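Note sheet for the following structure.
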There are 2 protein chains.
Amino acid sequence: MGNKEEILSIATRLFATRGYDVVGIQEIVDQAGISKPTMYHYFGSKNGLLTAIMENNFRRLLLELSPATVYSGDLPATLTSIVKAYFRFAVRNPEFYRLHLAFWFSPPSSDGFIAAKEWWEKQQQLLEMVFMLAANNHGNMKNRHRIYAATFLGTINTFVAFFLNGYAELDDNACHSLVRQFSHGIYS
Amino acid sequence: MGNKEEILSIATRLFATRGYDVVGIQEIVDQAGISKPTMYHYFGSKNGLLTAIMENNFRRLLLELSPATVYSGDLPATLTSIVKAYFRFAVRNPEFYRLHLAFWFSPPSSDGFIAAKEWWEKQQQLLEMVFMLAANNHGNMKNRHRIYAATFLGTINTFVAFFLNGYAELDDNACHSLVRQFSHGIYS
DNA sequence: TGTATATTATACCGATCAGTATATTTTGTC
DNA sequence: GACAAAATATACTGATCGGTATAATATACA
């Protein structure tokens, strides 16, 4: 692993476990066994490092998510494949997932929010498309694709947060439970 | 308004809009028109100020939430009154709500997470109780009260975040929509 | 009025922050 | 091997951080 990847990996872990604002560049380069100018050579600034982390990880997430969002006419099946894609990614990249979750509700003026914003919008677009297409089959869903996409992602992230804190597993059971709860309710 | 309340109010706004870690004590006392020792006299430390903000606001939230969580046998009605309590509180205290949401997914070792943790647990307990009692009427809900309480609050917070970002209103319509989506699903 | 206590200000502390000027080493290319 | 460019280190900057030592002022009560 080259220095660049090493810096990305260590910074992701430190930012996720302690917070972007409280972790200094010095601590990152110390743990990476390099010096500050090396980091600034690769990423230009602390914010540039954060941007690179977002880009690196979100690109892979969207790559795995895209095929799962193809709507085939069976909404529960599509939602299930989406949830599975998110779960798999979260399990494989728990540190990054925790980091971007921390930015989700952070102040819109903060570095983290700004760095993640464009990537959330891409996720939102993918999910909205699913609910928009599904609205053709389910009349009562019309004009609600935005709120459905947002709350669906919100529910997914709530489950993932449960997992990241050690309270639950992200297995097929949880996936089924989530889709069932979201799409059919807790009574049926 | 005395200096103490002035500090609390200004700190809440600054922490919420710019982030706890990036806002310095100096900026708070400047905007409050006082000096640093005054703030340290009242709150002891920056963390003490944060603790006071959490205590102040969460106490009021729980006070308004408690009566709404009394389960009368009608789960949708109870959930509706809970959502209304949250919505009303969020509308009246948007800055604090944004602040505590920012801490929700922040690193467990961060000051914000630690300051808010005990209060989330109290909310969680109130909500779990509702789903536990409801499980008597709905057999398939047994042993799921924890995940239901967590995802219910997650859905509420997702809606509130939508509101805080200017994308939706927290009116009766949204409340009904949330409860319906959570408890009956998006098809029926 | 005297006195203790609660408030507040001035001026400072050491530590750490993000970032950089300069120089050196490594690496790839001809 | 010559040379350009990429990569890295030492040592530093000014600014800001949370927090405080000391002292002055306002308030409340005897």
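Every value quoted in this text rests on a predicted model; they were computed, and no experiment measured them. Note on naming: letters A, B, ... go to the chains in the order of the sequence lines (proteins, then strands), and numbering restarts at 1 for each one.
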Notebook entry, point to check: Can you tell which of D/dT20, C/dC17, D/dT8 lies closest to the side chain of B/P37?
Noted result: D/dT20
Item checked: B/I28 CD1 - D/dT16 P separation (whole Å) -> 16 Å
Check: To the nearest angstrom, how far is B/E27 atom CD from D/dG18 atom P?
Finding: 10 Å
Note to self: Rounded to whole Å, how long is the line connecting atom CG of A/D111 with atom C1' of C/dA18?
What the structure shows: 12 Å
Next item on the list: Assess whether salt bridge (Lys or Arg N to Asp or Glu O under 4.0 Å) is satisfied between A/E64 and A/R60, documenting all intermediate values.
Entry: CA-CA 6 Å; A/E64 299 179 18; A/R60 284 172 29 237; 5.1 Å; no
Next item on the list: Send over the distance from B/L49 CG to D/dG19 C1', rounded to a whole Å.
Entry: 14 Å
Checklist line | Spacing between A/N47 atom CG and C/dG19 atom C1', to the nearest angstrom | finding: 13 Å
Next item on the list: Compute the ring centroids of B/F163 and B/F87, then answer whether they are less than 6.0 Å apart.
Entry: no
Notebook entry, point to check: OP1 or OP2 of D/dT8 sitting under 4.0 Å from any side-chain N/O of A/Y42?
Noted result: yes
Item checked: Within one Ile-Leu-Val-Met-Phe-Trp-Tyr cluster: B/I82 and B/M132, side-chain cutoff 4.5 Å -> no
Checklist line | Listed nucleotide nearest any side-chain atom of A/S35, set D/dC17, C/dT10, D/dA9 | finding: D/dA9
Checklist line | Under-3.5 Å donor-acceptor pair between A/K36 side chain and C/dA18 base | finding: yes
Item checked: Nearest to side-chain heavy atoms of B/Y40, which nucleotide of C/dT8, D/dA7, D/dT20 -> D/dT20
Next item on the list: Evaluate whether atom CD of A/E169 has more than 12 neighbouring non-hydrogen atoms of other residues, nucleotides or ligands under 6.0 angstrom away.
Entry: no
Notebook entry, point to check: Would you say the base of D/dG19 and the side-chain of B/K46 have a donor-acceptor pair closer than 3.5 Å?
Noted result: no
Notebook entry, point to check: So what does B/V23 hit on the nucleic acid, given a heavy-atom distance under 4.0 Å: a base, only sugar-phosphate, or nothing?
Noted result: sugar-phosphate
Next item on the list: Output yes when at least one side-chain N/O atom of B/N3 is less than 4.0 Å from OP1 or OP2 of C/dT8, else no.
Entry: yes
Notebook entry, point to check: Of the nucleotides C/dA6, C/dA9, D/dG19, which one has an atom closest to the side chain of B/S45?
Noted result: D/dG19
Margin query: Nearest whole Å is fine: how far is D/dG18 P from B/L50 CG?
Written below: 12 Å
Note to self: Using the side-chain heavy atoms of B/I25, tell me which of these nucleotides is nearest: C/dT10, D/dG18, C/dT7.
What the structure shows: D/dG18
Checklist line | Nearest-Å distance for atom pair CG/P, residues B/D30 and D/dC17 | finding: 10 Å
Next item on the list: For residues B/F162 and B/Y167, establish whether the separation of their ring centroids is below 6.0 Å.
Entry: yes
Check: If you pin A/Q26 and A/I34 to their nearest nucleotides in DNA chain D, which one's is more 5'?
Finding: A/I34
Check: Once you round it to whole Å, what is the distance between P of D/dG18 and CZ of B/F43?
Finding: 15 Å
Notebook entry, point to check: Does A/H41 place a side-chain N or O at less than 4.0 Å from the phosphate oxygens OP1/OP2 of D/dT8?
Noted result: no
